[in-house]
Amino acid sequence: LEADGKIFANEGIKTGTSKNLNLQPITSMVKITSFINLAPVAYASLPTAPANGDVAFLTTDGAAATKNKPIYYNGTDWKYFNDDSTVAAS
């Protein structure tokens, strides 16, 4: 990270496992030109106090059914991206 807040595109970014990486671009948009790799997580390991807009890659839901799908938190429930249905909690 440079003094002016810019990140060179050819350098990797790493943080400690317990630290967040917050991006606050001037344009209000972060453009990713490759891909995002989310660590797979089971329902039981989702955050206990998620923030609205959190995203995860769910391996199994609360009923232990295999899912392997991306989900998001809408401020009330975890939802599937593909059909906006609520993730089973049990």
Side-chain angles (χ1 to χ4, degrees):
L1 188 61
E2 297 298 307
D4 62 2
K6 293 182 181 176
I7 300 170
F8 286 111
N10 62 347
E11 294 184 24
I13 302 169
K14 295 186 187 254
T15 65
T17 56
S18 64
K19 297 184 181 197
N20 293 329
L21 174 63
N22 296 313
L23 302 175
Q24 297 176 332
I26 294 171
T27 61
S28 297
M29 180 180 82
V30 174
K31 183 176 182 181
I32 299 171
T33 58
S34 189
F35 62 91
I36 296 173
N37 188 336
L38 299 174
V41 63
Y43 185 84
S45 297
L46 288 169
T48 55
N52 191 9
D54 279 359
V55 174
F57 184 81
L58 187 69
T59 56
T60 54
D61 65 13
T66 301
K67 295 300 177 180
N68 294 320
K69 295 180 181 180
I71 60 173
Y72 70 94
Y73 190 73
N74 71 354
T76 304
D77 298 302
W78 286 100
K79 301 274 190 173
Y80 293 103
F81 274 94
N82 66 319
D83 63 5
D84 210 35
S85 64
T86 301
V87 175
S90 59

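Just so you know, these numbers come straight off a predicted model, no measurement behind them.
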Q) Taking a hydrophobic cluster as the set of Ile, Leu, Val, Met, Phe, Trp and Tyr residues connected by side-chain heavy atoms closer than 4.5 Å, whether directly or through intermediates, do I32 and F57 fall within one such cluster? A) yes

Q: Identify the two heavy atoms, one from N52 and one from G75, that lie closest to each other, and give their separation to 0.1 Å.
A: OD1-N, 3.4 Å

Q: Please check if the side chain of T59 supplies one atom and the backbone of V41 the other of a donor-acceptor pair under 3.5 Å.
A: yes

Q: Could I get the full list of side chain to side chain donor-acceptor pair (under 3.5 Å) partners for D83, not counting sequence neighbours?
A: S85

**Q.** Single-linkage hydrophobic cluster W78~F81, side-chain heavy atoms < 4.5 angstrom
**A.** no

Q.
Quick check for you: to the nearest 0.5 Å, what is the distance between D84 atom CG and D77 atom CG?
A. 10.0 Å

Q) How about Y43 and V87: do any of their side-chain heavy atoms sit closer than 4.5 Å? A) yes

Q | Y73 vs L46 side-chain heavy atoms within contact, under 4.5 Å | A | no

Q | Within-4.5 Å side-chain heavy-atom neighbours: V55 and L38 | A | yes

Q: Kindly indicate whether the side chain of I71, heavy atoms from C-beta on, has any atom under 4.5 Å from the side chain of D54.
A: no

Q) For Y72, is the NZ or CZ atom of K79 found under 6.0 angstrom from the centre of its six-membered ring and inside 45 degrees of the ring axis? A) no

Q) With a 4.5 Å heavy-atom cut-off, do K69 and L58 have their side chains touching? A) no

